[in-house]
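One structure is given here, and the rest of the page talks about it.
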2 protein chains.
Amino acid sequence: MRVTTRQKAIRDALEASGRFVCAQDLHARMRAGGHRIGLTTVYRALRALADHGDADVIITEDGQRAYRVCGSSASHHHLICRWCGRAAELPATALERWVADVSLRHGYTGVCCAAEIFGTCPRCPEPAGRGHDAQETG
Amino acid sequence: MRVTTRQKAIRDALEASGRFVCAQDLHARMRAGGHRIGLTTVYRALRALADHGDADVIITEDGQRAYRVCGSSASHHHLICRWCGRAAELPATALERWVADVSLRHGYTGVCCAAEIFGTCPRCPEPAGRGHDAQETG
DNA sequence: CTGCATGCAAAATGTTTGCACTCTA
DNA sequence: TAGAGTGCAAACATTTTGCATGCAG
């Protein structure tokens, strides 16, 4: 790779958010943070990141792509808060065993089980009047 | 409801396909079948169907919405062939137990687990050179 | 007759691509 | 200098909405 000046910033912002964010969201956040960056670059960087295996991609309930930095490329299962976007990683041994079982039972092969489970996290008890930002980077 | 002339046709076509289809796909199929119907109507009918609980909605890997008539609104889990679209219904007792378990463990509530697992069904052994149409309506 | 369902076209939204420019190696 | 990275605008695909009309009740 050549520069990664902007790409580093994008990856940085992605890591800073610490949760699944869509390209537009990340772009807006970076612009708000003072970065001079284009939407296109964010899209491209995110796609490259996901392509390289450095980021997880999920399809939200709206059909939008959301990205997140990915430490281990092994298990791709998440429990995602539909309000603040916080995502808990799931070990998913039981899930994978179940998936392998039903796949075998139905004769399906090459099964890609990216379980994206949407719910309400303990920080968002009331799904009404969202003023929530949930910017904790931990 | 008033007429349901067209809506009945849409539901019919959806049932006839017997698998997950997107609005555009269904529309094209109906037009090919001689129906005089607009894309908008298909979208609206599909949305209404899903709204009423008569159809399942999934988000494909492309981010498109795919619909399918839904007999039992209880378990919403499917093993979908990414090539021909065939979908096997999964009892998913084990999955739901696992989801309930991890949700409780992480404090998530209102969890909606619509497990859409994409793979290759036994009818599509070779995921290369797809000239496949898989138009079998049964 | 009333008024909702319908359909065409345009708008809205999310994502990708073309092309010229910038900036790093 | 060379060429990949970048950004703007346009292209593109999918879905929704506005508005006039037809058909069921």
Side-chain angles (χ1 to χ4, degrees), chain A residues 1-14 17 19-52 54-68 80 82 85 114 116 118, chain B residues 1-14 17 19-52 54-68 80 82 85 114 116 118:
Chain A
M1 293 299 97
R2 268 299 170 88
V3 245
T4 53
T5 315
R6 229 70 26 145
Q7 297 201 3
K8 185 60 166 41
I10 292 173
R11 193 201 169 95
D12 245 42
L14 192 58
S17 83
R19 52 187 168 93
F20 282 95
V21 289
C22 62
Q24 314 227 16
D25 209 9
L26 191 65
H27 176 246
R29 186 168 311 194
M30 293 184 72
R31 295 287 281 234
H35 278 95
R36 288 286 304 158
I37 201 166
L39 222 199
T40 309
T41 303
V42 176
Y43 269 109
R44 275 199 270 239
L46 251 26
R47 176 177 264 264
L49 238 40
D51 222 56
H52 196 70
D54 291 329
D56 271 348
V57 199
I58 63 171
I59 309 285
T60 70
E61 295 172 298
D62 294 335
Q64 300 173 203
R65 281 164 183 72
Y67 299 81
R68 180 180 147 168
I80 306 149
R82 74 176 73 242
E116 302 135 30
F118 293 90
Chain B
M1 291 301 97
R2 269 298 171 88
V3 245
T4 53
T5 315
R6 233 58 38 136
Q7 297 201 3
K8 186 60 166 42
I10 292 173
R11 193 202 169 95
D12 245 42
L14 191 59
S17 83
R19 51 186 170 92
F20 283 95
V21 289
C22 62
Q24 313 228 17
D25 211 9
L26 191 65
H27 176 245
R29 187 167 314 195
M30 293 183 72
R31 296 287 282 233
H35 278 95
R36 287 284 304 156
I37 201 167
L39 222 199
T40 309
T41 303
V42 176
Y43 269 108
R44 276 198 270 239
L46 250 26
R47 176 177 264 264
L49 238 40
D51 221 56
H52 196 71
D54 291 329
D56 271 349
V57 200
I58 63 170
I59 308 285
T60 70
E61 295 172 297
D62 294 334
Q64 302 172 203
R65 281 164 184 71
Y67 299 82
R68 180 180 148 168
I80 306 149
R82 74 175 73 244
E116 303 135 29
F118 294 90

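Chain identifiers are assigned alphabetically (A, B, ...) following the order of the sequence lines, protein sequences preceding nucleic acid strands; residue numbering begins at 1 within each chain.
In this structure, H27(B) places its NE2 atom 13 Å from P of dT6(C), rounding to the nearest Å. Here dA5(C) presents its C1' atom at 11 Å from CD1 of I37(B), a figure rounded to the nearest Å. Whole-Å rounding puts the D62(B) CG to dC12(D) P distance at 18 Å. Rounded to an integer number of Å, the gap from CE of M30(A) to C1' of dG7(D) is 14 Å. Rounded to a whole Å, the NZ atom of K8(B) is 17 Å from the C1' atom of dA24(D). If you measure from atom NE2 of H35(B) to atom P of dT6(C), you get 12 Å, rounded to the nearest angstrom. Whole-Å rounding puts the L46(B) CG to dT15(D) C1' distance at 12 Å.
How far CD1 of I58(B) is from CD1 of I59(A): 12.0 Å, rounded to the nearest 0.5 Å. Here the OH-OH distance, from Y43(A) to Y67(A), works out to 8.0 Å after rounding to the nearest 0.5 Å.
Surrounding CZ of R11(A) are more than 12 heavy atoms belonging to other residues, nucleotides or ligands, all under 6.0 Å away.
For T41(A), the side chain to side chain contact (heavy atoms under 4.5 Å, CB included) partners at least two apart in sequence or on another chain are R6(A), I10(A), I37(A). Applying the ring-ring contact (aromatic ring centres under 6.0 Å, His included) test to F20(B) and every residue at least two apart in sequence or in another chain returns H78(B).
Minimum interatomic distance between S17(B) and R29(B) (heavy atoms only, all atoms of both residues): CB-NH1, 3.5 Å.
Distances shown here put a side-chain N or O of Q7(A) below 4.0 Å from the OP1 or OP2 atom of dT6(D). Applying the 4.0 Å criterion to OP1 and OP2 of dC8(C), one finds that R36(B) has a side-chain N or O inside that range.
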Whether each nucleotide of nucleotides 10-16 of chain C has a protein heavy atom under 4.0 Å at its base (B), only at its sugar-phosphate (S) or at neither (-) is summarised, 5' to 3', as ----SBB

